[in-house]
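To start, the structure under review is shown below, and the notes come after it.
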2 protein chains.
Amino acid sequence: MEQTYTISDLAHEFDISTRTIRYYEERGLIHPGRTEGGQRIYSRKDRTHLRLILRGKRFGFSLEEIAEMINMFDQDRSGKKQLEVTIQYGRKKIKEVDEKIQDMVALREEMESLLQDFQSRLQQLKGEESR
Amino acid sequence: MEQTYTISDLAHEFDISTRTIRYYEERGLIHPGRTEGGQRIYSRKDRTHLRLILRGKRFGFSLEEIAEMINMFDQDRSGKKQLEVTIQYGRKKIKEVDEKIQDMVALREEMESLLQDFQSRLQQLKGEESR
DNA sequence: ATTCTAGTTTACGTTAACGTTAATGTCAAT
DNA sequence: ATTGACATTAACGTTAACGTAAACTAGAAT
């Protein structure tokens, strides 16, 4: 009933090496179970974590930062105080992401205006050509 | 008339080390001039380049990728063919940035919904408390 | 039971992006 | 002219994030 995966299942799915997956475990980012014989078994949750890790990486977060986030959101937060701390942390991280998005949009616009420039130069050339 | 900067001027402004700035030059990302005595002089253009480099870094681009972009946009593109190639390249890069932005917005939403979850759990606790 | 594929640990290697140190030179100010 | 702050090159060191190889084990298939 509970869907599980081998290490190479996930390696194929996410197009990364098994070494990479084991390394993430070594760094405390995932915590797969084991079979009787000692082989790793990955749950749906582990798979979700992997997806999150790779997403974070694409934004330039370090594994350490990602680990911090995952563990923050993933632990058992029953106490009121704990919950409040977690929420504060989450707000902070969301703000960071917002800033990155804004920054990125600015970059996009810079690139766009550069391109416009090149475009009009090209039009210019084409105009001269058919003169 | 032409505003220039020393290496430590820029290091302070961008809060990076002089070593880092020299390293960027070593990798072909900037090309400052020199004084009679051999010291580097940075122009406004160099400063702009630096800003671009740091921006790119914050998005997880490698120095090699950034170098590629800078040199692509920075050369003298007079020929029609050259212009067309540059425009193609620019479109591709903008697309990459767009994808990163989308990806990032998705992450933001994931985080937000996690937070909502914690928020309502906290409300729950507060409710029980005043019962 | 054996064979094959995939898994495990250990450990050394590699690359990017700098940090650090040493030995020396430049420039602005006194 | 000398001092002090900043500059230069050269070279070795460091860290994160894996790659790679070796020597061995587990599990599925015949």
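To find a chain, count down the sequence lines: A is the first, B the second, and so on, and within it residues start at 1. Since the model is a prediction, treat every value here as computed from it, not as a measurement.
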Exercise. Indicate if Leu115(A) and Val105(A) have the same hydrophobic cluster label, given that clusters are the connected sets of ILVMFWY residues with side-chain heavy-atom separations under 4.5 angstrom.
Key: yes
Quiz prompt | Ile21(B) CD1 to dC6(D) P, straight-line distance once rounded to whole Å | solution = 15 Å
Self-check item: Whole angstrom value for the distance that separates C1' of dC6(D) from CD1 of Ile41(B)
Solution: 15 Å
Practice problem: Could I get the full list of ring pair (Phe, Tyr, Trp, His ring centres under 6.0 Å) partners for Phe61(B), not counting sequence neighbours? | Solution: none
Quiz prompt | Any side-chain heavy-atom pair of Tyr5(A) and Arg44(A) under 4.5 Å | solution = yes
Practice problem: Grab the CZ-P distance between Arg34(B) and dA7(D) for me, whole Å please. | Solution: 12 Å
Self-check item: Any pair counted as ring-ring contact (aromatic ring centres under 6.0 Å, His included), so long as it reaches residues 81-101 of chain B, sequence neighbours left out
Solution: none
Quiz item: Where along nucleotides 14-30 of chain D does protein come under 4.0 Å, by heavy atom, of base (B) or sugar-phosphate alone (S), with - for untouched nucleotides?
Solution: ---BBBB-----SS---
Exercise. Name every residue in residues 4-13 of chain B that has at least one heavy atom under 4.0 Å from any atom of DNA chain D, in order of residue number, or write none if there are no such residues.
Key: Thr6(B), Ile7(B), Ser8(B)
If you restrict it to nitrogen or oxygen atoms, what contacts under 3.5 Å exist between nucleotides 28-30 of chain C and the protein, and what is each distance?
none

Practice problem: Identify the heavy atoms of Lys57(B) and Tyr24(B) that sit nearest to each other, and give their distance. | Solution: CD-OH, 3.5 Å
Quiz prompt | Gln82(B) CD to Phe118(A) CZ distance, which is reported to the nearest 0.5 Å | solution = 10.5 Å
Quiz item: Is the closest side-chain donor-acceptor distance between Tyr23(B) and Arg27(B) under 3.5 Å?
Solution: yes
Practice problem: With Ile53(A) as reference, evaluate Thr48(A), Leu29(A), Ile21(A) under the side-chain contact (heavy atoms from CB on, under 4.5 Å) test and give the passing residue. | Solution: Leu29(A)
Quiz item: Residues in salt bridge (charged side-chain N to carboxylate O under 4.0 Å, His left out) with Arg51(A), at least two apart?
Solution: none
Practice problem: Would you indicate, yes or no, if dT8(C) has its OP1 or OP2 atom less than 4.0 angstrom from a side-chain nitrogen or oxygen of Arg22(A)? | Solution: yes
Quiz item: In terms of heavy-atom contacts, does CD of Glu64(B) have more than 12 from other residues, nucleotides or ligands at under 6.0 Å?
Solution: no
